[in-house]
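Structure, as structure tokens:
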Protein chains: 2
Amino acid sequence: MNIEKFIKNKKIKLTDARISILEKLFAAHRPLSYNDIKEHISMDKATFYRNIIKFQEEGLVSSFESNDKNRYFEITKSPHPHFICTSCNIIECVQEPVVFDLDGYQIEDIILKGKCESCVNVK
Amino acid sequence: MNIEKFIKNKKIKLTDARISILEKLFAAHRPLSYNDIKEHISMDKATFYRNIIKFQEEGLVSSFESNDKNRYFEITKSPHPHFICTSCNIIECVQEPVVFDLDGYQIEDIILKGKCESCVNVK
DNA sequence: ATATCTTTGCAACTCAGTTGCATAAAAGTC
DNA sequence: GACTTTTATGCAACTGAGTTGCAAAGATAT
Ligand SMILES: [Mn+2]
Ligand SMILES: [Mn+2]
Ligand SMILES: [Zn+2]
Ligand SMILES: [Zn+2]
């Protein structure tokens, strides 16, 4: 995916800092925290978080809070659930759809917690 | 529910601090954070968190991380999903079961995020 | 009584994320 | 070009939830 194309008709200037964040998120197969990518980007963390907030305001990036007190970010794709392992804290995107409807409520996101394939076989 | 009975055959001494935490959690219809109950208990927050950790080790209390950076605690009941409103941050226990199975994984907890009944009607 | 173990309060600490402020880089105006 | 206004960045200081070290208090055991 081309970043200039991705950013089209969003009101965001494409700075070097922003490009490097978006590139990292595009390359990932799962949501990433600031911690996950801070080695691979050069900006100050204030710049990182301020840009992430912009991305979210424009709907380019989504995020959620995990168990480990970190916030995880990913490029906004078609909605899908996420799995968080309560043993190793790994986070995975879930492809299988979870059908669920709660009367009067509008569900936007689903987070499943439990033991991942690796951790379920360890005691 | 009687607290002495609830605590039976758990290796936990029932101190005043512990009783007041458990009473508050028993009376609640939804998970509570330290912030929610600190006005109604008298202990130091270190004591609160240390006791909560004990409760969780004994399986008496469960918890999860919300959007607002706070941890929410409730008496462990039969597993059920929780709903977190992304507008007003209210947390509710969901009674309707969410059926979902992920091959090789062990699901322990389900968190639904979205707009609650009040917030879905406001723009 | 005295020794041992557990709980508590206080203060200091940790760590992710935020904010104020000064500088730097863009963008707009003439 | 020069000048003004807006936006982005880095740094340091701050915030707030939760944790930890330590000494005092309470409880349990012998
Ligand atoms: Mn995902
Ligand atoms: Mn509940
Ligand atoms: Zn795992
Ligand atoms: Zn709401």
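Heavy atoms only: backbone and side chains are in, while hydrogens, waters and symmetry mates are out. Every chain is numbered from 1 and lettered A, B, ... according to where its sequence line falls, protein lines coming before strand lines.
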Worked check of side-chain contact (heavy atoms from CB on, under 4.5 Å) between B/Phe55 and B/Ile75:
CA-CA 9 Å; B/Phe55 293 153; B/Ile75 300 292; over 6 Å; no

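Listed by chain and residue number, A/Glu74, A/His80 satisfy the side-chain contact (heavy atoms from CB on, under 4.5 Å) test with A/Lys77 (two or more places apart in sequence, or in another chain). B/Asp68 is linked by a side-chain contact (heavy atoms from CB on, under 4.5 Å) to B/Ser66, B/Asn70, B/Tyr72, B/Asn89, counting only residues two or more places apart in sequence or in another chain. Residues satisfying the side-chain contact (heavy atoms from CB on, under 4.5 Å) test with B/Ala46, not counting sequence neighbours, are B/Asp44, B/Arg50. Among residues two or more places apart in sequence or in another chain, the salt bridge (Lys or Arg N to Asp or Glu O under 4.0 Å) test is passed with B/Arg18 by none. Partners of A/Lys69 under the salt bridge (Lys or Arg N to Asp or Glu O under 4.0 Å) rule, at least two apart in sequence or in another chain, are B/Glu65.
If you take OG1 on A/Thr76 and CZ on A/Phe6, they are separated by 6.5 Å, rounding to the nearest 0.5 Å. Here NZ of B/Lys54 is found 6.5 Å from CD1 of B/Ile12. Values are rounded to the nearest 0.5 Å. Distance check: B/His82 NE2 to B/Leu112 CG gives 10.0 Å after rounding to the nearest 0.5 Å. Here the CD1 atom belonging to A/Ile91 is positioned 12.0 Å from the SG atom belonging to A/Cys116, to the nearest 0.5 angstrom.
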Using a 4.0 Å cut-off on protein heavy atoms (strictly under), produce a 5'-to-3' string for nucleotides 20-28 of chain D with B for base contact, S for backbone-only sugar-phosphate contact, and - for none.
BBB------

Please produce a list of atom pairs where a protein N or O lies less than 3.5 Å from an N or O of nucleotides 14-17 of chain C.
unit_1, atom_1, unit_2, atom_2, d
C/dA16, OP1, A/Asn35, ND2, 3.3
C/dG17, OP1, A/Arg71, N, 2.6
C/dG17, OP2, A/Tyr49, OH, 2.1
C/dG17, O5', A/Tyr49, OH, 3.2
C/dG17, N7, A/Lys45, NZ, 2.8
C/dG17, O6, A/Lys45, NZ, 3.1

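Considering only side-chain N and O atoms, B/Thr15 lies under 4.0 angstrom from the phosphate OP1 or OP2 of C/dT8.
Residues from residues 17-25 of chain B lying near DNA chain D, meaning a heavy-atom separation below 4.0 Å, are absent. Heavy-atom distances under 4.0 Å link DNA chain D to A/Asn51, A/Lys54 of residues 51-63 of chain A, given in residue order.
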Counting only pairs under 3.5 Å, give me each side-chain donor-acceptor contact of residues 21-33 of chain B, with atom names and distances, residues two or more places apart or in other chains.
unit_1, atom_1, unit_2, atom_2, d
B/Ser33, OG, B/Asn35, N, 3.4
B/Ser33, OG, B/Asp36, N, 3.2
B/Ser33, OG, B/Asp36, OD2, 3.3

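Annotation: side-chain hydrogen bond (donor to acceptor under 3.5 Å, both in side chains) contacts involving residues 96-112 of chain A, sequence neighbours excluded, comprise A/Tyr105-B/Glu92, A/Glu108-B/Thr86, A/Glu108-B/Lys115.
The hydrophobic side chain of B/Ile90 is isolated, with no ILVMFWY side chain under 4.5 Å apart from it.
Rounded to whole Å, atom P of D/dT19 lies 10 Å from atom CZ of B/Phe48.
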